[in-house]
Amino acid sequence: MKLETMLEIQSSVDGQLDNQRRQVVARLVSSDTEARQLHQQLTAVRMALREHEPAIRVPESREFYWSQLERRLQVREQVHPPALHPATTVWRWLAPMMGVSAVIAVFALQPFATTGLRSFPAGSGNPQATTVTFSSEADGVTIHWIN
Amino acid sequence: VSLNHDYPAATDEELVGWSRLGETEAFEELVFRHRDKIYARAMMMMRNEEEALDLSQEAWVKAWQRLHQFQGDSSFATWMTRIVINLCLDQIRRQKKNRTESIEQLEEEVGGVEHQLTIEPGNPTEGLEKDELRRRIDDAMTKLTPAHRLVLVLHEYEGMEYKEIAKKVGISIGTVMSRLFYARRRLATLLRGLQRERDN
């Protein structure tokens, strides 16, 4: 049997042939003894491997394996710290900044919550001038800015 | 960092999420769950306990450093297995550069030896008990060259198609088919030999 034919039989066993080629191989396998034997052999080996994967286990206890790994991680992290997820990195900077901004905003806006801020043209002769008046009833204070 | 999560009861995805936040206990649980599979894959490819241990640990270090790259497209176990396979492939390539191949190995790798193996009727695994067969397969795998074993492991245990293997290993599809064919027939011969030994 030619090597190409043998490889084609193998491809059929592995399901790597298109429908047309698979039918050609199926006909050959049913009519040729050598082809049939090869098909059976390859199928048997394939099944044996897939269904009887050797059971290999780490020959060390959980604690010992982890302690070795932990040491490696510590050494490596001193050289190359682990890269964080991009979202985590952004959030790391964004969160404190947002916190600080929120605190500043609260303090900055607090006086206006209980006091009044009005802006109107000044009654002076200068039409360009405006006056801003700030008054706090609680503190009994009124301040006028004339621009 | 520990937030007293119930690690053993958590899913892999939850453990990955907590590990990303720096919870080493979550990562330890992932290691505990999958360390046998990762080590087994390295052992199947390298056939050397010391190397397999080293490469499996290296795979975990890489995983820890690249956890942010895990997108959840595949399972965590699959993602980890790909990492260890890539490390083993790199190691095999490094070793190949420094190794003088025997004539038999060179012949096997370039092909042409397929015809030397006769096709015998019958199932080469017939009559073997499950545990015995598992042990025999393990022994037979050791007798294959690294190049043949590699293709066999990627195809049979990782379920990769010819095309994927060719791309990963850097060989042609024809070579993948040829190596796979040789590896299987050699395994059949080895298992049949063991069968005969037992019968005598």
Side-chain angles (χ1 to χ4, degrees), chain A residues 1-4 6-11 13-16 33-77 79-89, chain B residues 20-22 24 27-28 31-32 35-36 38-41 43-44 49 52-53 56-58 60-61 64-69 111-112 114-115 119-126 128 130-131 133-138 141 152 155-157 161-163 174 177-178 180-181 183-185 187-188 191:
Chain A
M1 202 187 321
K2 282 184 181 174
L3 177 60
E4 289 73 33
M6 293 197 282
L7 293 181
E8 202 134 89
I9 291 171
Q10 173 179 253
S11 300
V13 169
D14 289 333
Q16 304 258 309
T33 310
E34 200 183 5
R36 187 164 51 251
Q37 285 173 350
L38 178 64
H39 190 274
Q40 283 171 350
Q41 191 184 66
L42 294 173
T43 306
V45 172
R46 179 182 152 96
M47 296 290 283
L49 285 170
R50 294 197 171 206
E51 291 171 12
H52 302 90
E53 183 175 348
I56 301 172
R57 295 188 181 286
V58 174
E60 290 170 351
S61 69
R62 172 181 179 160
E63 291 72 24
F64 187 67
Y65 189 78
W66 174 251
S67 68
Q68 283 182 313
L69 179 55
E70 209 173 18
R71 251 199 311 277
R72 275 195 195 209
L73 287 170
Q74 282 164 359
V75 170
R76 210 63 65 86
E77 275 185 25
V79 185
H80 305 292
L84 292 168
H85 190 278
T88 312
T89 314
Chain B
R20 278 179 181 156
L21 298 172
T24 48
F27 191 65
E28 184 183 355
V31 174
F32 175 62
R35 68 189 184 127
D36 282 333
I38 301 310
Y39 170 74
R41 193 54 76 243
M43 189 63 184
M44 287 292 265
E49 193 177 296
L53 271 171
S56 70
Q57 290 224 338
E58 193 55 34
W60 286 110
V61 172
W64 171 255
Q65 291 179 324
R66 296 176 188 174
L67 273 174
H68 65 279
Q69 290 176 5
E114 295 85 355
H115 288 289
I119 303 168
E120 290 185 52
N123 182 347
T125 63
E126 204 176 332
L128 292 171
K130 277 186 179 179
D131 286 344
L133 182 55
R134 203 166 269 144
R135 239 186 348 265
R136 298 297 191 191
I137 288 172
D138 197 28
M141 292 287 273
L152 202 60
H155 185 71
E156 301 295 9
Y157 298 133
E161 293 189 352
Y162 298 166
K163 204 162 55 177
M177 291 164 75
S178 174
L180 196 55
F181 185 68
R184 278 170 168 164
R185 298 203 52 206
L187 270 184
L191 292 171

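So that the names make sense, note that chain A is the first sequence line, chain B the second, and so on, each numbered from 1.
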B/R35 to A/V58 - nearest heavy-atom pair and separation: O-CG2, 3.6 Å

Passes side chain to side chain contact (heavy atoms under 4.5 Å, CB included), B/F181 versus A/I9? Steps please. CA-CA 10 Å; B/F181 185 68; A/I9 291 171; over 6 Å; no

What is the distance from atom CD of B/E58 to atom CG of A/L69, rounded to the nearest 0.5 Å? 9.5 Å

What part of A/S11 gets within 4.5 angstrom of chain B, counting heavy atoms only: side chain, backbone, both, or neither? both

Identify which part of B/V61 has an atom lying under 4.5 Å from any heavy atom of chain A, answering side chain, backbone, both or neither. both

Qualifying residues under side-chain hydrogen bond (donor to acceptor under 3.5 Å, both in side chains), relative to A/R36, sequence neighbours excluded: none

CD on B/Q57 to CZ on A/R72, rounded to 0.5 Å: 5.0 Å

Which one of B/L133, B/L152, B/I38 has the most heavy-atom pairs closer than 4.5 Å to chain A? B/L133

Any idea which of A/L42, A/L49, A/V45 has the most non-hydrogen atom pairs under 4.5 angstrom with chain B? A/L49

Could you tell me the separation between the OH atom of A/Y65 and the CG atom of B/D36, rounded to the nearest 0.5 Å? 9.0 Å

Looking only at B/M177, B/M44, B/R135, B/K163, the option with the highest number of non-hydrogen pairs under 4.5 Å against chain A is B/M177

Looking at chain B, which one of A/A55, A/A48, A/P59 has the largest number of heavy-atom pairs inside 4.5 Å, strictly under? A/P59

Evaluation steps, side chain to side chain contact (heavy atoms under 4.5 Å, CB included), between A/L38 and B/R185: CA-CA 9 Å; A/L38 178 64; B/R185 298 203 52 206; 4.0 Å; yes

What pair of heavy atoms forms the shortest contact from A/P54 to B/R134, and how long is it? CA-CG, 3.5 Å

Atom group of A/E51 that falls short of 4.5 Å from chain B, counting heavy atoms: backbone

Is there a side chain to side chain contact (heavy atoms under 4.5 Å, CB included) between A/D14 and B/L180? Walk through the geometry before answering. CA-CA 11 Å; A/D14 289 333; B/L180 196 55; 3.7 Å; yes

Considering only heavy atoms and a distance below 4.5 Å, find which of B/E28, B/M141, B/M43 pairs most often with chain A. B/E28

For the candidates B/H155, B/R41, B/E49, which exhibits the highest count of non-hydrogen atom pairs separated by less than 4.5 Å from chain A? B/H155

Flag this pair as yes if the NZ/CZ of A/R50 is under 6.0 angstrom from the six-membered ring centre of B/Y157 and inside a 45 degree cone about the axis; otherwise no. no

Under 4.5 Å from any heavy atom of chain B - which part of A/Q16: side chain

Got A/R57 and B/Y39 here, is their nearest side-chain heavy-atom distance under 4.5 Å? no

Are B/R184 and A/Q10 linked by a side-chain donor-acceptor pair shorter than 3.5 Å? yes

Going from CD on A/Q68 to CG on B/L53, what distance comes out if it is rounded to the nearest 0.5 angstrom? 7.0 Å

Could you give the distance from CD (A/E70) to CH2 (B/W60), rounded to the nearest 0.5 Å? 14.5 Å

